Q: 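If you scroll down you'll find the structure; I have some questions about it.
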There are 2 protein chains.
Amino acid sequence: MELRNLITFIHVAELGSFTKAAEQLGYSQSTISFQIKQLEEELECLLFERINHTITLTERGHELISYAHQIRALTEEFKENLEEEKECSGHIHIVTPDSVCDDMIRRNYIDFHNRYPAISVKFTTADTAVMFDMLDHNEADVIITLDSHSYNKDYVIAKEKPLSMHFVANASSKFANKQKLSIRDIIKEPFILTEYGQGYRRVFDRELAKKSLEITPILEIGRTDMITALIAQSDMISFLPDFVTKDLVAAGCLCYLDVCDMEVEIWQQLIYHKNKWMSKALKTLLSYIIEKDFTEQ
Amino acid sequence: MELRNLITFIHVAELGSFTKAAEQLGYSQSTISFQIKQLEEELECLLFERINHTITLTERGHELISYAHQIRALTEEFKENLEEEKECSGHIHIVTPDSVCDDMIRRNYIDFHNRYPAISVKFTTADTAVMFDMLDHNEADVIITLDSHSYNKDYVIAKEKPLSMHFVANASSKFANKQKLSIRDIIKEPFILTEYGQGYRRVFDRELAKKSLEITPILEIGRTDMITALIAQSDMISFLPDFVTKDLVAAGCLCYLDVCDMEVEIWQQLIYHKNKWMSKALKTLLSYIIEKDFTEQ
DNA sequence: GTTTACCATCGATTTTTTCGATTATGGAGG
DNA sequence: CCTCCATAATCGAAAAAATCGATGGTAAAC
């Protein structure tokens with residue numbers, strides 16, 4: 001019982017004529033005969049009485065009419081639903097490093113929620129490798145990486161920007177006002193760094209290795225807010241992205257160290273899988289993030 | 001958007017796999033891919049995200065699932081309705097000569113209604129020719145004729161029997177006890193006959209014409225109950241079927257005349273059009289009529 | 001009596017559906 | 001690291017289905 005035949009049946013029943021239905025539907029009359037016969041054979045019942053070239057619905061036909069209308073109405077309802085702009089709603093899973101999560105939630109979440117109350121967001125933190133794994137398994141809708149610049153034809157990079165990284169210490173550190181420090185000047189100091197899985201930590205270690213240097217941090221922890229808090233009240237040093245530290249530096253709690261022989265190139269990238277279906281909610285979230293996080297300095 | 005594809009879509013969504021759905025439905029896997037793609041192209045939206053050979057329903061897919069289930073449920077509901085025995089109900093139009101109508105309503109209608117209260121019957125009276133016309137225009141579901149024996153490949157004769165016809169007069173008529181009367185003996189008497197349209201009246205006239213005789217009745221009327229009532233209180237004669245007169249004869253109101261040179265062969269036939277859809281109600285009515293009207297003497 | 005309108009039927013053609021084989025990919029197990 | 005297995009996409013061939021146009025019979029209209 002295919003929909004095409006049901007539609008034809010409805011038209012025939014309404015017009016009371018195979019010929020007229022054929023004209024209305026753009027079929028030939030023999031096609032209409034065939035389609036109705038097909039329905040009748042499949043349902044094993046007569047839908048129309050044919051007496052002297054005029055057709056009359058049988059009881060069964062009358063019953064089918066109502067079902068056919070309901071079925072047609074459902075398909076049309078669905079198609080209309082597809083076309084009409086929907087309220088922006090849905091569930092979105094975004095995965096980021098801890099620092100980004102922290103930053104975005106603090107600065108933007110309330111505003112986002114107020115603007116789009118029907119979008120439910122799941123915020124998860126993970127290492128770069130895990131994030132890509134989640135993209136590959138369709139467990140994350142979108143990720144934000146802080147790592148070396150990545151490119152892969154399976155992914156779409158919605159937006160990216162290079163990230164400023166700084167060595168930071170307490171504002172009253174002995175290195176606070178020294179200019180043109182070398183990495184070798186500070187390498188023996190006590191360091192707090194994020195775990196190795198975090199992208200920029202890995203890039204940092206790799207850069208050190210190029211200079212045959214190595215740091216054994218006294219504390220490894222993903223939570224960058226903890227790191228800044230500890231540094232603010234001790235003589236420890238860390239290496240962190242600008243967006244984590246700039247407010248505290250501006251407030252005079254922390255200071256940047258002027259280490260001039262250590263260039264670490266870190267990119268912030270907003271990435272989703274190329275086969276990802278872009279729901280309106282997802283598009284909205286991406287636009288929001290791009291506006292708030294990638295355009296401002 | 002054909003039903004076949006929707007069914008496939010439901011299976012795929014439930015199993016989360018094109019391959020498993022193919023096995024379950026007896027299709028090849030490429031067919032499933034094709035069907036889903038066809039749906040997606042027609043609806044111009046992605047139903048499944050394909051990431052690393054695993055599929056995940058998109059939001060649109062989720063929406064479609066619910067519609068697809070509803071549509072499938074409707075078609076199944078209809079098919080079940082078809083199969084299950086229904087209460088015997090419906091509207092039936094039966095057309096008969098006035099005499100038959102009179103007889104059946106008096107003797108059987110109440111009983112029939114009590115047995116099948118959900119069947120609504122429309123009883124109409126008409127001439128033989130009009131009755132066949134009504135069959136041809138699907139205006140009557142079934143007719144009962146009292147006429148010469150008819151056969152036509154377009155009609156189905158559900159049942160038939162020859163009818164006894166009698167000349168009848170008042171029980172105290174001068175002809176009451178005479179034996180071996182000739183038609184010529186009574187032809188000048190005042191006759192009451194049914195109209196010419198009534199089948200047996202026509203046959204009667206035709207038989208007379210064969211003998212070069214002719215009757216000009218003093219009253220022509222379809223209502224046979226009127227005829228018998230008039231005869232019972234006058235010296236008029238009529239020519240009527242047995243079932244109209246036998247009770248009055250038995251009651252001593254009327255008597256049969258022993259006219260031995262006038263053989264008129266009249267058949268009672270229960271007829272419907274060969275293309276008529278036999279609803280349960282119609283079958284029931286036919287069986288009832290056959291049982292009550294054609295088997296008893 | 002001729003024309004028109006209607007539906008059924010048939011064979012031919014076109015379109016659609018289905019299949020099987022192949023490819024590409026990733027995961028699991030050795 | 002390699003092989004085997006499972007998955008879905010793709011492609012061309014084959015099968016099936018839908019559609020058409022022509023024809024026929026019948027009844028109604030003119």
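Only a predicted model underlies this, so the values are computations on that prediction, with no experimental measurement involved. Below, chain A is the first sequence line, B the second, and so on; all start at residue 1.
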Q: May I have the distance from I36(B) (atom CD1) to dT10(D) (atom P), rounded to whole angstrom?
A: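 Value for this atom pair: 14 Å.
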
Q: How close or far is atom P of dT26(D) from atom CZ of F132(B), stated in whole angstroms?
A: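 Rounded to whole Å, this separation is 18 Å.
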
Q: Can you tell me the distance, in whole Å, between the NZ atom of K274(A) and the C1' atom of dA8(D)?
A: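 Atom-to-atom, K274(A) to dA8(D), this comes out as 12 Å.
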
Q: Give the rounded distance in Å between these two atoms: CD of E23(A) and C1' of dC20(D).
A: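 So the CD-C1' distance, E23(A) to dC20(D), works out to 15 Å.
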
Q: Reckon T19(B) touches a base, only the sugar-phosphate, or nothing at all at heavy-atom distances under 4.0 Å?
A: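 The answer is sugar-phosphate, as T19(B) gets under 4.0 Å only of primed atoms, P, OP1 or OP2.
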
Q: Check the distance between dC20(D)'s C1' and I32(A)'s CD1 and give it to me in whole angstrom.
A: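 Atom-to-atom, I32(A) to dC20(D), this comes out as 12 Å.
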
Q: Please check if any side-chain donor atom of E77(A) sits under 3.5 Å from a side-chain acceptor atom of Y67(B), or the reverse.
A: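 Short answer, yes.
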
Q: Under a 4.0 Å threshold between the charged nitrogen and the carboxylate oxygen, would E195(B) count as salt-bridged to R201(B)?
A: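 Here R201(B) does not pair with E195(B) in a salt bridge, since their nearest N and O are not under 4.0 Å apart.
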
Q: On DNA chain C, check which nucleotide each of K153(A) and G26(B) is closest to and give me the residue with the more 5' one.
A: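 Per heavy-atom nearest nucleotide, the more 5' residue is G26(B).
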
Q: Would you call L6(B) and M1(B) a side-chain contact if the rule is heavy atoms closer than 4.5 Å?
A: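 Answer yes - side chains close enough.
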
Q: Can you tell me if E63(A) and N81(B) form a side-chain donor-acceptor pair at under 3.5 Å?
A: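 Not at all, the side chains of E63(A) and N81(B) share no donor-acceptor pair under 3.5 Å.
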
Q: Going by heavy atoms closer than 4.0 Å, what residues in residues 47-57 of chain B are next to DNA chain C?
A: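 Going residue by residue through residues 47-57 of chain B, the ones with a heavy atom under 4.0 Å of DNA chain C turn out to be N52(B), H53(B).
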
Q: Could you tell me whether the side chains of T19(A) and E23(A) share a donor-acceptor contact shorter than 3.5 Å?
A: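 No, no side-chain donor-acceptor contact under 3.5 Å.
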
Q: dA18(D) P sits how many Å from L25(A) CG, rounded?
A: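 In whole Å, dA18(D) P and L25(A) CG are 16 Å from each other.
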
Q: Which residue is it: I290(B), V156(B), T145(B)? I am looking for the one with a side chain to side chain contact (heavy atoms under 4.5 Å, CB included) to L270(B).
A: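 Among I290(B), V156(B), T145(B), the one meeting side chain to side chain contact (heavy atoms under 4.5 Å, CB included) with L270(B) is I290(B).
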
Q: Please determine if a side-chain N or O atom of S30(A) lies less than 4.0 Å away from the OP1 or OP2 oxygen of dC10(C).
A: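 No, because none of the side-chain N or O atoms of S30(A) sits under 4.0 Å from OP1 or OP2 of dC10(C).
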
Q: Starting at CD of Q29(B) and ending at C1' of dA8(D), how long is that distance when rounded to a whole Å?
A: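 So the two atoms are 5 Å apart, to the nearest Å.
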
Q: Does a side-chain heavy-atom distance below 4.5 Å link E42(A) with K79(B)?
A: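 Result yes, sub-4.5 Å side-chain heavy-atom pair found.
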
Q: Could you pull out all residues at least two apart from H149(A) that satisfy ring pair (Phe, Tyr, Trp, His ring centres under 6.0 Å)?
A: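 H149(A) satisfies ring pair (Phe, Tyr, Trp, His ring centres under 6.0 Å) with W267(A) once adjacent residues are dropped.
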
Q: Looking only at side-chain N and O atoms, does H137(A) come under 4.0 Å of OP1 or OP2 in dG27(C)?
A: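 Yes, within the criterion.
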
Q: Examine dT10(D): is either OP1 or OP2 under 4.0 Å from a nitrogen or oxygen in the side chain of K37(B)? Give yes or no.
A: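 Answer is yes, contact under 4.0 Å.
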
Q: Please confirm whether Y27(B) and F18(B) have ring centers closer than 6.0 angstrom.
A: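 That pair fails the under 6.0 Å test.
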
Q: With the criterion being N/O to N/O and under 3.5 Å, what pairs connect the protein with nucleotides 11-17 of chain C, and how long is each?
A:
residue	atom	partner	partner atom	Å
dT17(C)	OP2	Q38(B)	OE1	2.5

Q: Without decimals, in angstroms, what is the distance between N152(B) CG and dA27(D) P?
A: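 In whole Å, dA27(D) P and N152(B) CG are 9 Å from each other.
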
